Structure formats: structure tokens, C-alpha cells
Amino acid sequence: MCYTDNDNRYNNSPMVSQLTQSPLQIANLEQLERIRHTCAHIMAMAVQILFPETKVTIGPTTDTGFYYDFDRPQPFTPEDLTKITKQMRFIIKANLPIIREEVTREEIKVEIEKLNELYKLEILDSIPEGETITRYYIGSPDGGRLPDVGEKLKAAFPEPSLIKPVKIPPTVSWWDLCAGPHINYTGEINPDAFTLESVAGAYWRGDETKAQLQRIYGTAWETPEQLKAYLKQQEEAKRRDHRKLGKELKLFSIQEGAGGGLVFWHPRGATMRYIIEDYWRKAHLDAGYELLYTPHIANLELWKTSGHLDFYRENMFDSMDIEQQAYQIKPMNCPFHVLTYKNDLHSYRELPLRWAELGTVYRYERSGVLHGLMRVRGFTQDDAHIFCLPTQIAGEILGVLNLTEKILSDFGFKDYEVNLSTRPDKSVGTDEGWELATNALDRALNTKGWDYLEDKGGGAFYGPKIDIKIKDAIGRTWQCSTIQVDFNLPERFDMEYVAADGSRQRPIMIHRAIFGSLERFYGILIENYAGDFPLWLAPIQVRLLPVSETQRPYGKAVVTMLKQSGYRVEIDCTGERLGKQIRNAELEKIPVVAIVGKREVETQTLSIRTRQQGDIGTMNITELKESLEEVLAKKTNI
RNA sequence: GCCGAUGUAGCUCAGAGGUAGAGCAUUCGAUUCGUAAUCGAACGGUCGGCGGUUCAAAUCCGCUCAUCGGCUCCA
């Protein structure tokens with residue numbers, strides 16, 4: 001499991017899908033796809049009108065719009081995007097026809113060569129023999145095509161300005177080699193329902209050894225309302241950004257002085273992590289797991305045996321020298337769990353063994369891919385390995401699915417997308433082994449009653465796997481949990497158990513993680529709740545606000561009492577006025593504040609204000625505790 | 001790593017060759033206050049780092065570090 005990129009448990013990348021949910025109901029998805037694809041063409045046309053030296057490459061649609069990759073010596077600036085947008089509106093408003101033409105390989109080749117569009121030539125060469133080749137015109141085919149058009153435009157406009165958008169004479173056209181489909185007229189696009197978003201570097205054909213191109217991203221919708229809704233959703237995502245909230249709520253930091261991708265958990269974040277870990281341990285002990293702690297480094301030989309040095313090297317930090325022996329900081333926990341297993345002789349009667357560890361691993365990630373808590377260089381996996389008999393696989397997998405559901409739903413994630421990935425072309429293990437394991441995963445999912453998508457050939461080379469994605473409060477999906485069968489490590493480490501007949505047999509090894517990485521899961525939690533954590537997770541649950549300093553002694557006594565009952569409570573001793581104290585508590589997103597003034601001291605009560613409901617009235621400590629307990633039991637916000 | 005952008009006080013940001021600024025936070029003083037900002041003062045900076053150009057650099061140039069948006073979608 002531990003070697004390849006398609007290994008999701010160990011894939012530390014954000015794995016958030018683009019906003020797959022439309023902000024508004026899409027009336028006609030097929031038409032929208034055409035609109036987006038045509039938008040890409042119109043953008044390319046606009047770019048070549050304004051910047052004729054630019055070469056075109058490809059321009060597909062995305063979940064929210066489109067992009068086009070260009071080859072141009074100078075980078076596009078934000079001002080360029082404004083100009084391009086204006087030029088696109090011209091083209092849209094001109095309502096030019098879009099004409100599909102089937103062409104032969106030979107004739108289109110000549111035309112592309114005439115234009116010196118080398119990338120297009122490469123694309124043409126990659127189209128399989130026998131496939132229909134089409135080109136799409138924007139405007140009349142009689143009009144010629146850029147850069148011929150450039151000449152015509154120069155004739156039409158004696159001093160064609162590259163700053164101002166250029167009006168397209170009806171006789172001018174632009175075309176692109178394209179499979180389509182497209183809309184029929186540019187006017188079908190609402191000029192106020194698209195916008196250009198950003199410029200980014202991208203490699204030709206996604207290959208970093210090839211030319212670096214400039215990609216312009218755009219978003220396009222059926223109506224301006226949809227666009228507005230989409231932009232609002234983007235704003236919402238920005239508002240929830242865990243990096244911003246992490247700083248504002250003093251949860252964690254990543255510091256230049258220490259290095260990128262290394263996380264500092266500050267007291268409030270650390271409190272939450274403690275709660276999460278504590279919950280996780282109890283849940284695992286209840287589910288029949290035992291806990292392990294293993295070292296952070298080990299002799300490099302171990303990583304040779306496990307195969308990581310061969311297959312995972314590019315994600316590993318360099319080894320260090322200790323008394324002439326090479327030691328490696330761990331990028332994975334599994335070899336340690338295997339060594340723990342191998343330290344004893346095991347009988348079939350002991351199986352299954354379920355060993356869990358919050359294991360901190362370090363992986364080299366290229367500086368450009370680091371991203372807040374979502375992609376870091378040091379992180380803690382909620383790792384576990386199950387060693388079992390072949391006959392126990394389905395039962396164990398079902399157990400993992402049940403535990404996963406319990407844990408994820410307690411953290412507020414109740415919608416899942418499940419994938420079952422099967423044997424890839426290159427793999428280890430026997431046919432029977434794969435069939436047995438894959439059937440067991442399938443059976444477990446069916447027993448659980450979960451629908452899933454099968455990703456044929458998408459498994460790791462060492463075994464089939466189940467991945468579970470969760471859906472957050474604004475409809476984004478995140479990959480966290482994964483369950484993987486491993487035929488490789490037991491073989492490499494020559495793991496055994498003693499079977500009923502006294503023979504030595506190979507146990508089945510299952511890797512699984514529910515959060516994936518604590519750092520990443522925490523980042524997702526912050527974004528899911530937008531920093532308004534449910535009471536059971538909130539680092540400060542209750543803050544007492546004395547109306548004046550006179551009430552401090554009473555407030556302190558209440559704090560002591562609540563603390564003794566296990567609540568996370570504090571008192572505001574800033575001496576600020578009540579309004580300011582409330583404002584501060586609101587900004588810190590503290591779920592409950594208890595106001596103590598003269599009245600409360602006299603009646604031995606508290607005036608309660610919650611962040612969700614505002615002022616909810618006066619109660620005594622017992623009543624407060626009761627309502628807190630009720631909310632804590634439900635694991636919701638108050 | 002690569003392409004582009006951004007780094008100014010603890011935070012959010014202004015300043016664009018000529019004395020380093022604001023609000024919030026912090027500290028001190030006054031105020032003792034009833035459901036989202038009391039008033040005043042003080043403190044706070046090698047303008048990310050290193051080097052260069054210049055009489056003069058936060059500002060221009062080079063390198064470097066970090067952060068942000070991308071680098072999967074394939075005519």
C-alpha cells in the first residue's frame with residue numbers, strides 16, 4: 001500500500017473535488033457544456049485577436065467553466081484578462097455562427113501548418129486513424145482565419161489597438177481543430193454569465209518535462225444569476241478557509257522560521273486535537289482495537305525490506321547517519337506494525353489482531369504543493385492494521401465500515417461517496433488472493449448497504465481498496481477514509497501465523513485510516529463548521545462575562561464549579577464593558593457566554609447567551625449544566 | 001520543482017526614489033458599565049532576507065526564502 005500515488009490513505013493531498021454541485025438548478029446541462037466549450041474557443045479567438053503572437057493548444061471544459069492553454073512569451077496580466085473579457089463580449093454580441101466542418105487529415109494538416117500552430121499539429125497526429133476530424137469556425141468560413149484575420153483587421157482598422165477590443169467584421173472568422181460539440185451562435189452565451197478567473201502555469205499535456213504554457217481559467221453559466229450564485233459560493237469557501245480561521249481563532253500556525261508544511265498546534269487547536277484523539281481512542285478500544293506506539297525513525301534496512309526505498313523514495317526525506325548506520329524518518333507506519341507482529345509467534349486463535357496508532361509521519365512534498373493543513377510535510381495518521389485469516393476479511397471490513405460511519409457521523413459528516421478499486425494491470429499477489437479479497441470488500445459493502453462506484457483497475461498494486469469521501473456543509477467532497485488489503489508487505493516481511501493443522505500460513509493484512517491525517521481532517525472540520533464548532537469540540541465552551549469587576553469573585557467561583565464538572569470554561573477579566581466582551585466572544589466564536597451582573601449574583605444565577613440563538617434567558621448552574629449535557633450528547637452546536 | 005502574483009508593526013492594510021503611516025491588538029491611566037466596539041496616552045518596524053544601482057531605496061535591479069493561485073480534466 002505504501003508505494004504509489006493512487007494510494008489514497010497515504011496520499012496527503014487535499015483531494016477536494018471542485019464544486020460539483022451547481023449553485024443553481026441547471027436547466028440544460030448539455031447546453032451548458034456546449035456554452036463552456038464555446039467560451040473556451042471564443043477566449044482563444046479573443047486572445048489571438050489581441051495578442052496575435054500567441055499559439056493555441058487545448059481548451060476543455062471544467063466542472064464550473066473552462067480553460068484554454070496558450071503559448072505566449074510574455075505572461076498574461078490581470079489587465080490582459082479584462083481586455084480579453086471585453087473582446088469576448090464583442091464576439092458574443094456579434095452573434096457569429098459556429099460552423100462544424102468535417103475535414104480530411106491531409107487538408108487540415110496543410111491549413112494548420114500554414115498557421116504554424118505546432119501544438120495543434122501534435123494534437124492532429126495524436127488523433128487515431130479512422131476517427132472523424134472536425135473543425136469549428138466562429139464566424140463565416142469565408143472570412144479566413146487568424147493570423148490572416150490580423151491582416152484583414154489591420155486593413156479595417158488602420159491602427160489596430162491591442163489595448164482596445166476589436167470589432168469583428170462579419171467577414172472574419174477563426175477556427176479551431178476540435179471534436180465539439182458547440183452551440184450554434186455565439187449569441188447563445190449570456191455575456192454577463194461568464195467571467196475570467198485567473199492565469200496559471202500549466203504544462204503541455206500535463207507533463208512537466210514539456211513546455212510550460214499559460215492557462216486562463218474562466219467560469220461560465222446559463223444565466224447571470226447562476227454566475228452570481230457561483231461567485232457567492234466561492235466567497236463562502238473563502239470565508240471558511242481554514243488557514244484564515246486558524247489564524248483568527250488562534251488554532252494553529254505554520255511558520256517561516258520552522259519551515260513550510262510543519263504545523264504548530266496552539267492551545268485552542270491542541271485542545272481540540274486532544275478531544276479528537278481522545279474520542280478516537282475510545283471509539284477504537286470499544287471496537288476491539290488495541291493501541292500501539294512506534295518510533296519515528298528506524299534503520300534504513302527496514303525501508304529496504306518494506307520496499308519503500310525503491311517505490312516511495314521521492315516522498316521520503318534523506319536518511320541520517322547514526323554511528324555509521326543510516327536511519328530513516330518514517331513516511332509510513334505500516335512496517336513498524338509489521339515488526340510488532342513479527343516480534344511474536346502468532347496462533348490462528350489470536351486473529352484478528354487490530355492494532356491502531358496515531359502515528360506521525362514525515363514526507364517530502366515539493367514546496368509548491370504545500371497547502372495549509374491540507375497538504376503538509378509532517379502529519380499524524382489515524383492508522384490501523386488488521387491481521388486476519390482469509391475467511392475473516394469480509395467481517396473485518398464490515399467492522400471498519402461500521403466504525404468509519406460512527407466516527408464520521410459524530411463529526412457531522414453523514415453523506416458519503418464510496419469507491420471500490422480493483423486489480424490494476426501491474427500487481428503483486430495471486431489471482432485467487434485478489435478474487436477472494438475483492439469479493440470480501442464487495443460483500444462487506446453490500447452487507448453495509450452502501451452504494452458504491454467500482455473503479456476497475458484503480459486499486460493499488462498490492463491489493464484492492466475501498467475509499468470513502470465525505471461531503472461538507474457547502475457540498476464539497478473530501479477523501480479521508482480508506483481501507484486497503486495488502487498482499488505485499490506480509491510477503492516481503494515473511495509474516496506468519498500457526499494454523500490449526502500446525503502449518504505456517506500468511507496472514508491477511510488490512511490497512512485502514514478513518515480521518516486519514518489528523519491535520520487534514522482538522523482543516524476539513526474547520527471549513528465544514530466555518531469555525532463554529534459543535535459544543536463537544538469547541539476549545540472554549542463557556543465564557544463568563546462580568547458586567548463589572550464587582551462580579552468577578554462570583555464569576556470565578558462559577559468557573560471553578562463548571563471546570564470541576566469537566567467543562568472548558570473561562571472568565572473575561574479584561575475589564576471591558578459588557579458590549580465589548582460580548583463582541584470579543586462572538587468574534588472568537590465561543591458558543592456560550594454567561595453574563596454575571598448584580599442581579600445574577602443576588603439570585604445565584606447566570607444570564608445565558610449562545611452564539612446561535614442570542615439571549616436565551618436566566619438559569620442557575622444546574623440548569624445550565626443540564627442544557628449543556630443535552631447538546632453534548634447530540635454532538636451538535638448549542 | 002515549474003509559471004504567475006504577493007511579502008510594510010502581533011493582525012488587517014495604506015504609502016511607489018527624499019523624515020516609515022492608519023485602524024485593531026498590547027501596555028498604562030481614567031471610566032465600574034446589562035447583550036457585537038468607553039475615552040485618553042504610550043509602546044511597537046533593519047518595510048521577508050542577502051547583494052547591487054543611486055547623493056539618497058520600503059520604492060529600481062539581481063538572487064534567495066516564504067505565502068497565495070495553478071500545474072488531474074485533453075482536438
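Convention: sequence-line order gives letters A, B, ...; per-chain numbering from 1. Quick caveat, the model's predicted, so the values are computed rather than measured.
Counting only N and O atoms by type, the side chains of A:Trp175 and A:Glu101 include no donor and acceptor under 3.5 Å apart. A donor and an acceptor atom, one from each side chain of A:Asp71 and A:Tyr119, are located under 3.5 Å apart. Between the side chains of A:Glu102 and A:Thr134, no donor N or O sits under 3.5 Å from an acceptor N or O. No side-chain donor from either of A:Gln581 and A:Thr574 sits under 3.5 Å from a side-chain acceptor of the other.
Contact annotation for A:Thr618: no contact, since no heavy-atom pair falls under 4.0 Å across all strands. Contacts of A:Gly59 with the nucleic acid, taken as non-hydrogen atoms under 4.0 Å apart, are absent. At a threshold of 4.0 angstrom between heavy atoms, the contacts of A:Thr77 with the nucleic acid are absent. If you check every strand for non-hydrogen atoms under 4.0 Å, A:Glu588 touches nothing.
Checking B:rU35, B:rA37, B:rU31 against every side-chain atom of A:Arg577, the shortest atom distance belongs to B:rU31. Side-chain atoms of A:Arg366 lie closest to B:rG1 of the nucleotides B:rC33, B:rU67, B:rG1. Comparing atom distances between the A:Pro75 side chain and each of B:rC71, B:rC74, B:rG4 picks out B:rG4 as nearest. Comparing atom distances between the A:Ala200 side chain and each of B:rU38, B:rG69, B:rU67 picks out B:rG69 as nearest. Among B:rC71, B:rG34, B:rA36, the nucleotide with an atom closest to any side-chain atom of A:Ile595 is B:rG34. Comparing B:rC33, B:rU67, B:rA36 by their closest approach to the side chain of A:Leu370 singles out B:rU67. Proximity note for A:Gln212 (side chain, C-beta onward) versus B:rG70, B:rG1, B:rU38: the nearest is B:rG70. Checking B:rC74, B:rC2, B:rC73 against every side-chain atom of A:Arg205, the shortest atom distance belongs to B:rC74. Comparing atom distances between the A:Val369 side chain and each of B:rC33, B:rA36, B:rC71 picks out B:rC71 as nearest.
If you check B:rC13 for Watson-Crick or wobble pairing at under 3.5 angstrom, you find it paired to B:rG21. When both pairing distances are held under 3.5 Å, B:rC33 makes no Watson-Crick or G-U pair with any nucleotide shown. Summarising the base pairing, B:rU46 is matched to no nucleotide, lacking a Watson-Crick or G-U wobble pair whose two defining distances lie under 3.5 Å. In this structure, B:rG40 and B:rC28 make a Watson-Crick or G-U wobble pair, each of the two defining distances being under 3.5 angstrom. Under the Watson-Crick or G-U wobble criterion, with both distances below 3.5 Å, B:rA5 is paired with B:rU67. Nucleotide B:rA58: unpaired (no Watson-Crick or G-U wobble partner with both distances less than 3.5 Å).
B:rG52 sits 25 Å from B:rG4 when the C1' atoms are compared, rounded to a whole Å. Rounded to whole Å, the separation between the P atoms of B:rA16 and B:rC60 comes to 11 Å. Remark: the separation of the P atoms in B:rU67 and B:rU12 is 15 Å, to the nearest Å. With P as the reference atom, B:rG10 and B:rC43 are 16 Å apart, rounded to whole Å. A gap of 8 Å separates the P atoms of B:rG48 and B:rU59, to the nearest Å. Here the separation of B:rG17 from B:rC28, taken at their P atoms, is 42 Å to the nearest Å. As rounded to the nearest Å, B:rG21 and B:rG15 have P atoms that lie 15 Å from one another. The C1' atoms of B:rA25 and B:rG44 are separated by 11 Å, rounded to the nearest whole Å.
Listed pair A:Lys247 / B:rU12 meets the phosphate criterion, a side-chain N or O lying under 4.0 Å from OP1 or OP2. At the phosphate of B:rC74, neither OP1 nor OP2 sits under 4.0 Å from any side-chain N or O atom of A:Tyr67. Between B:rA25 and A:Lys580, a contact under 4.0 Å exists linking OP1 or OP2 to a side-chain N or O. Phosphate proximity of B:rC68 to A:Arg243: present, with a side-chain N or O under 4.0 Å from OP1 or OP2. An OP1 or OP2 oxygen of B:rG69 is reached within less than 4.0 angstrom by a side-chain nitrogen or oxygen of A:His371.
Each of A:Arg476, A:Arg240, A:Lys238 was compared with A:Glu527 under the salt bridge (Lys or Arg N to Asp or Glu O under 4.0 Å) criterion, and only A:Arg476 meets it. A:Lys120 pairs with exactly one of A:Ile108, A:Asp176, A:Leu115 by the side chain to side chain contact (heavy atoms under 4.5 Å, CB included) rule, that one being A:Asp176.
If you take CZ of A:Arg552 and P of B:rC33, they are 14 Å apart, rounded to a whole angstrom. Between A:Asn584 atom CG and B:rC24 atom P the separation is 13 Å, expressed in whole Å. Atom NE2 of A:His242 is separated from atom P of B:rU67 by 12 Å (rounded to the nearest Å). If you measure from atom CG of A:Asp615 to atom C1' of B:rA36, you get 13 Å, rounded to the nearest angstrom. The nearest whole Å value for the distance from the CG atom in A:Asp71 to the P atom in B:rC2 is 19 Å. Atom pair A:Gln613:CD and B:rA36:P shows a separation of 16 Å (rounding to whole Å applied). Summarising the geometry, the separation between CH2 on A:Trp204 and P on B:rU72 is reported as 13 Å, rounded to the nearest angstrom. Rounded to whole Å, the distance from NZ on A:Lys120 to P on B:rC74 is 14 Å.
For A:Thr61 and A:Gly579, each mapped to the nucleotide of RNA chain B holding its nearest heavy atom, the one lying further toward the 5' end belongs to A:Gly579. Two residues, A:Gly368 and A:Glu576, neighbour RNA chain B, and the one matched to the more 5' nucleotide by heavy-atom proximity is A:Gly368.
Relative to the six-membered ring of A:Phe51, A:Arg72 meets both conditions, a distance below 6.0 Å and an angle of at most 45° to the axis. Remark: A:Arg215 is positioned above the aromatic ring of A:Tyr67, its terminal NZ or CZ atom under 6.0 angstrom from the ring centre and at most 45 degrees off the axis. Within the cation-pi definition used here (under 6.0 Å to the ring centroid, within 45° of the axis), A:Arg36 qualifies as a partner of A:Trp221.
Contact of A:Glu600 with B:rG34 (side chain to base): a donor-acceptor pair of N or O atoms is detected under 3.5 Å.
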